[in-house]
Amino acid sequence: MDQNLVKREQWSSKLGFIFAAVGSAVGLGNLWGFAYRSSQGGGAAFVILYILVVLIICIPVFVAEFSLGRNTSTSAFLAPIKAAGQNWAPLGWLFLVAPLAIASYYSVIMGWTIDMFFHILFNKLPANKEEADQLFNLLSGGNRDMIGQILSLFLGGLIISAGIKKGIEKINKICMPLLFFLLFSLVVWAAFLNNALEGYYNFILNFDLSQLFDPDNIKNAFSQAFFSLSLGIGIMVTYSSYLNKKSDLPKQSFQIASLDTLVGLMAGLITFPIMFTFGFGSSFDGDPIGALFKYIPTGLGDYGLAGRIVAILFFGLIYIAAITSLISLLEIPVSTLKDKFNFDRKKATFFTIIFTFLIGIPSAINAGFIGKIDAIANILLILGGFLVSFLLAWVVPKTLDDELINSGSSLITRNYLKFMLKYITPILISAGLLVTIKQTLIQWVGN
Ligand code: TRP
């Protein structure tokens, strides 16, 4: 592979890489999925399971993905082959197909978000649930949402085609601080709502021990953790392929996972007070996707101009979070086309967004389709997480070791991560994978 003849672009600094990885991680999954899943699974029990999955499973997987990416310095599609030979080509395919599948519906939801943003910028918020239903049907039905979908893909393509430093890194350096600022302001605002305390109680304090063992809850925690951290399908492989040899991978994994979890928690501290103050009760009753687009604007409608401003900020925030995630998804096929077929970045981006648009059409036409691919994508993420850990710990342990030594990790950290990746992580992920597949099938048959 002659891509090594041309010097591979790199992040300009450690911080640039962290911003980009956090930008990928923080997205719709945190702002919507975290609160939604916790509302299904008895609050605190979900949050505890989620944090356990992140600490025990995801951080080692992060290190595995980062080691693979940095060591091979190639796109996620080629990295498994370069590390372990042709037998591992299927993992490369998984790394290519899964991000495309996610990007296909992610861009559709972003289309609704931007549409909602402009709608409330110029119009009043819906006054009641009926009006909210109508509005959501308008945004998500038929051809109209394809405009937002195309716009989002085009915007993502524009950023990506500018390259790693000038495109991806730059946009994240602007968006991430802005996002934290907006998020923090909204958390403070929500704390003053009438039923904020009741919201907090249901989110993090309401603890039911039996929920810790509930299979749906376990599935939710696994899916949420892998999705929210952008783990398991090569994003982190790709981003770390632009990393210099010295940065401390375990430390950065921990930092990225912590920031991402913090955002999920903060989003809960906004949505739960809103839900309880405006009487939507403790659950998004079975309408996960619409929830964000119906309840929040309707609730805020009671607050006049202030409510409208908050709603505008909220949807702006979601869009900013989502665009930095979308570009990470698109970067996988783009870097694959570059590395494998020597396309230049612009041409690779062009093909990627056209293809993503086409495979996103079913999601744009039928919102019900989104839930289905999302469920499949979540299974692929967990499967990918398993395979990456297995690859690094059992097939190419030297690569893992080298990267940990390059990172300057202490002996304890190195041994801990190697032990986890060899013996603990694969077993726990397999268990999580089986539960997730089983519960997904039960849900499908049940419907
Ligand atoms: N993590 C992002 C979110 O929470 C979505 C995302 C971006 C993603 N890249 C990913 C999910 C890779 C899984 C894998 O919204």
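We count ligands from 1, going down the list as the structure has it; atoms in each ligand are counted the same way.
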Give the numbers and elements of all ligand 1 atoms closer than 4.0 Å to a heavy atom of [X].
X	answer
I102	13 (C)
I233	12 (C), 14 (C)
Y106	2 (C), 3 (C), 5 (C), 15 (O)

Could you tell me whether [X] and ligand 1 have an N or O pair separated by under 3.5 Å?
X	answer
F227	yes
L229	no
G29	yes
A25	yes

Under a 4.5 Å cut-off applied to non-hydrogen side-chain atoms, are [X] and [Y] in contact?
X	Y	answer
F293	F315	yes
R37	F46	yes
L212	L49	yes

Parallel, tilted or perpendicular: ring planes of F66 versus F62, cut at 30 and 60 degrees: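 Rings of F66 and F62: tilted, as their planes differ by 30° to 60°.
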Proximity flag P99 to ligand 1, non-hydrogen atoms under 4.0 Å: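 No heavy atom of P99 comes that close to ligand 1.
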Per-residue contact class, L326 against ligand 1 - non-hydrogen pairs under 4.0 Å: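 Looking at L326 and ligand 1, no heavy atom falls under 4.0 Å.
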The one among S325, A101, S230 that brings a heavy atom closest to atom 8 (C) of ligand 1: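 Looking at heavy atoms only, the winner is S230.
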Atom 12 (C) of ligand 1: nearest protein contact (heavy atom, Å):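 Going by distance alone, atom 12 (C) of ligand 1 is nearest to I235 CG1, 3.2 Å.
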Non-neighbouring partners of R308 that pass salt bridge (charged side-chain N to carboxylate O under 4.0 Å, His left out), sequence neighbours left out: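 Testing R308 for salt bridge (charged side-chain N to carboxylate O under 4.0 Å, His left out), a comparison that skips the adjacent residues, returns none.
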Closest approach of S104 to I373 (non-hydrogen atoms, all atoms of both residues):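 Residues S104 and I373, closest heavy atoms: OG-CD1, 4.0 Å.
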The single option from F34, F227, F226, F222 passing ring-ring contact (aromatic ring centres under 6.0 Å, His included) against Y50: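 For Y50, the ring-ring contact (aromatic ring centres under 6.0 Å, His included) test succeeds with only one of F34, F227, F226, F222, which is F34.
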